[in-house]
Amino acid sequence: MSRVLVTGATGFVGRALCGELLRHGHAVCAALRRVEDSTRMALDEVETVAVGEVNAATDWRKALAGCEAAVHLAARVHVMREEATDPLAEFRVVNAFGVENLARQAAATGVRRFVFVSSIKVNGERTPSNAAFTEADPHCPQDPYGVSKSEAELALHRVARETGMEIVIVRPPLIYGPGVKGNFLTMLKALRRGIPMPFGAVSNRRSLVYLENLADALVLCTTHPAAAGETYLVSDGEDISTPELLRKLCEPLDVPVWLLPVPASILRVGGTILGKSEAFERLLGSLIVDSSKIRRELGWTPPFTLTDGLRNTVEWFKSNNV
């Protein structure tokens, strides 16, 4: 088994991935911003190296030493209250320039394979309810975060052509699971409190990916010979509407479902007034991904069903009294 560098190792996906790599017998080196961040790893078997902030000048040599593969998760993610005067420039520092810098240093130190966790936002923000994004679709990012991820992918392909290092790109949709934050956690809290949800009339389809399913797919992308040079969209493979999602969450929460049939047009107006148009659109619009390529080419099957993943997420939520 190989030694694998994981960036963003203390994050939501990073901790799960480190655990999965260890279970598969790999040695793991976790790149952290600060030495004190090592207390958040909770995995004694993981070696930790502090590298500072991720940008075009980060020195990765110590973290990369002896690694045969790298999985890059660290990123500047969606900022709820953006204060930067030029958000795209800020996203590029970490998500584009920082990625290319790491990839070039990885190639120079002999890393064989570089797995980059991108985002479905590279494809776009929404799909028709009867269609799905595929890996063959052109890039169509709609916000600074998506643009920066798209630019990172293009930079990685340049590095691969120039150095011969194997690049694998993975684009997940919404990730959920134990430890989830953001809008998904807010939704769980609202359901627990019995707040009526105005989404009973919504007819959409959304693809999700359970945290442990994503970690499993990333380990496979790190090792499978056929993954070299490929891009994969990864999901649970069971698309779901917003009302169906709320019902599936309420069952293990053991609370009643209160769904009000408010027209989507009115909800969109409400989202605009509240300054939450993006959050509302995720609940109202469709975003479907076709994950058949990774299943076909790598023989990947998600170890957990959507129902399993949602139940596990709710159990974590209840047991930790979040």
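- Of the possible polar contacts, one joining the Lys318 side chain to the Pro252 backbone as a donor-acceptor pair under 3.5 Å is found.
- Residues Cys29 and Arg3 have side chains in contact (heavy-atom distance under 4.5 Å, counting atoms from C-beta outward).
- Contact record, Trp316 with Val180: CH2-O, 3.7 Å, taken as the closest heavy-atom pair.
- Checked by atom type and distance alone, the side chain of Thr127 never pairs as donor or acceptor with a backbone atom of Phe133 at under 3.5 Å.
- Under the 4.0 Å criterion applied to side-chain N and carboxylate O atoms, Lys149 and Glu153 are not assigned as salt-bridge partners.
- Residues Ser241 and Arg206 fail the side-chain proximity criterion, which asks for heavy atoms closer than 4.5 Å.
- Formation of a donor-acceptor pair under 3.5 Å by the Asn101 side chain with backbone atoms of Asn55 is found in this model.
- Within the 3.5 Å criterion, the main-chain N or O of Val209 finds no donor-acceptor partner in the side chain of Asn213.
- Annotation: Asp254, atom CG; neighbour count of heavy atoms from other residues, nucleotides and ligands within 6.0 Å does not exceed 12.
- How far CD of Glu125 is from CG of Asp143: 5.0 Å, rounded to the nearest 0.5 Å.
- Within the 4.5 Å cutoff, side-chain heavy atoms of Asp137 are placed close to those of Thr134.
- Residue Glu297 qualifies as enclosed at atom CD: its count of foreign heavy atoms under 6.0 Å is above 12.
- Using modelled atom types, one side-chain atom of Thr7 and one backbone atom of Ala74 make a donor-acceptor pair closer than 3.5 Å.
- The two atoms that bring Pro144 and Phe91 nearest to each other are CB-CD1, 3.6 Å, heavy atoms only.
- A salt bridge links Arg268 and Glu281; the closest N-O separation between the charged side-chain nitrogens and carboxylate oxygens is under 4.0 Å.
- Smallest separation of non-hydrogen atoms from Ala152 and Ala96: CB-CA, 4.1 Å.
- When the side chains of ILVMFWY residues are joined at heavy-atom separations under 4.5 Å, either directly or via intervening members, Leu283 and Ile266 end up in a single hydrophobic cluster.
- The two atoms that bring Ser291 and Gly237 nearest to each other are OG-CA, 4.4 Å, heavy atoms only.
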With side chain to side chain donor-acceptor pair (under 3.5 Å) as the criterion, how do Tyr176 and Asp236 come out once you've worked through the C-alpha distance, each side chain's angles and the decisive distance to 0.1 Å? CA-CA 11 Å; Tyr176 68 98; Asp236 292 339; 2.7 Å; yes
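- In this structure, the separation between CG on Leu253 and CD on Glu315 is 8.5 Å, given to the nearest 0.5 Å.
- Rounding to the nearest 0.5 angstrom, the gap separating the CD atom in Gln142 from the CZ atom in Arg126 is 7.5 Å.
- Judged by distance alone, the side chain of Ser2 and the main-chain N or O of Val4 form no donor-acceptor pair under 3.5 Å.
- Distance OG/Ser119 to CG/Leu174: 10.0 Å, rounded to 0.5 Å.
- Closest of all the heavy-atom pairs between Pro243 and Asn204 is CD-OD1, 4.3 Å.
- Between Leu259 atom CG and Glu244 atom CD the span is 11.0 Å, to the nearest 0.5 Å.
- Distance alone, capped at 3.5 Å, places no donor-acceptor pair between the Arg311 side chain and the Glu251 backbone.
- One N or O on the side chain of Arg15 and one on the backbone of Thr10 form a donor-acceptor pair closer than 3.5 Å.
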Using side-chain contact (heavy atoms from CB on, under 4.5 Å), reason through Tyr210 and Leu310 one step at a time and then give a plain yes or no. CA-CA 8 Å; Tyr210 179 50; Leu310 293 174; over 6 Å; no
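- Counting Ile, Leu, Val, Met, Phe, Trp and Tyr side chains that sit under 4.5 Å apart, directly or through other members, Phe116 shares a hydrophobic cluster with Leu5, Val49, Val51, Val54, Trp60, Leu64, Val93, Val94, Val99, Leu102, Val111, Phe114, Leu156, Val159, Met165, Ile167, Ile169.
- Around the NZ atom of Lys62, the shell of radius 6.0 Å holds no more than 12 heavy atoms that belong to other residues, nucleotides or ligands.
- Using a 4.0 Å cut-off between a side-chain N of Lys or Arg and a carboxylate O of Asp or Glu, Arg23 and Glu20 qualify as a salt bridge.
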Would you sort out whether His26 and Thr223 count as a side-chain contact (heavy atoms from CB on, under 4.5 Å), showing the intermediate values? CA-CA 10 Å; His26 299 282; Thr223 58; 3.6 Å; yes
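- Under the 4.5 Å side-chain criterion, counting only non-hydrogen atoms from C-beta, Glu151 is not in contact with Asn95.
- Put simply, the side chain of Glu212 does not reach to within 4.5 Å of the side chain of Pro178, judged on heavy atoms.
- Proximity of a side-chain donor or acceptor of Glu238 to a complementary backbone N or O of Leu306 within less than 3.5 Å is detected.
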Dump the intermediate steps for side-chain contact (heavy atoms from CB on, under 4.5 Å) on Leu298 and Glu230, then the final yes or no. CA-CA 11 Å; Leu298 306 188; Glu230 299 295 339; over 6 Å; no
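- The closest donor-acceptor contact from the side chain of Glu135 to the backbone of Leu233 lies under 3.5 Å.
- Under the 4.5 Å side-chain contact rule for hydrophobic residues, Val122 and Leu154 do not share a cluster.
- No continuous path of hydrophobic side-chain contacts links Leu267 to Ile273 [ILVMFWY only; heavy atoms under 4.5 Å].
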Does the pair Arg282 and Leu287 meet the rule for a side-chain contact (heavy atoms from CB on, under 4.5 Å), with working shown? CA-CA 8 Å; Arg282 289 197 188 98; Leu287 195 160; over 6 Å; no
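- Of the inter-residue distances, the one linking Asn123 atom CG with Ile288 atom CD1 reads 13.0 Å to the nearest 0.5 angstrom.
- Looking at Thr313 and Leu188, their side chains come closer than 4.5 Å, going by heavy atoms from C-beta outward.
- Note on Val170 and Leu211: same hydrophobic cluster, where clusters join Ile, Leu, Val, Met, Phe, Trp and Tyr whose side-chain heavy atoms are under 4.5 Å apart, directly or indirectly.
- In the hydrophobic clustering of this structure, Trp300 groups with Leu21; members are Ile, Leu, Val, Met, Phe, Trp, Tyr whose side-chain heavy atoms approach within less than 4.5 Å, directly or through other members.
- Residues Glu53 and Arg33 form a side-chain contact, since some pair of their non-hydrogen atoms from C-beta on lies under 4.5 Å apart.
- The two atoms that bring Ser118 and Pro172 nearest to each other are O-CD, 3.5 Å, heavy atoms only.
- When side chains are defined from C-beta on, Met197 does not count as touching Thr242, because their heavy atoms never get closer than 4.5 Å.
- Applying the side chain to side chain donor-acceptor pair (under 3.5 Å) rule to pairs touching residues 187-200 yields nothing, sequence neighbours excluded.
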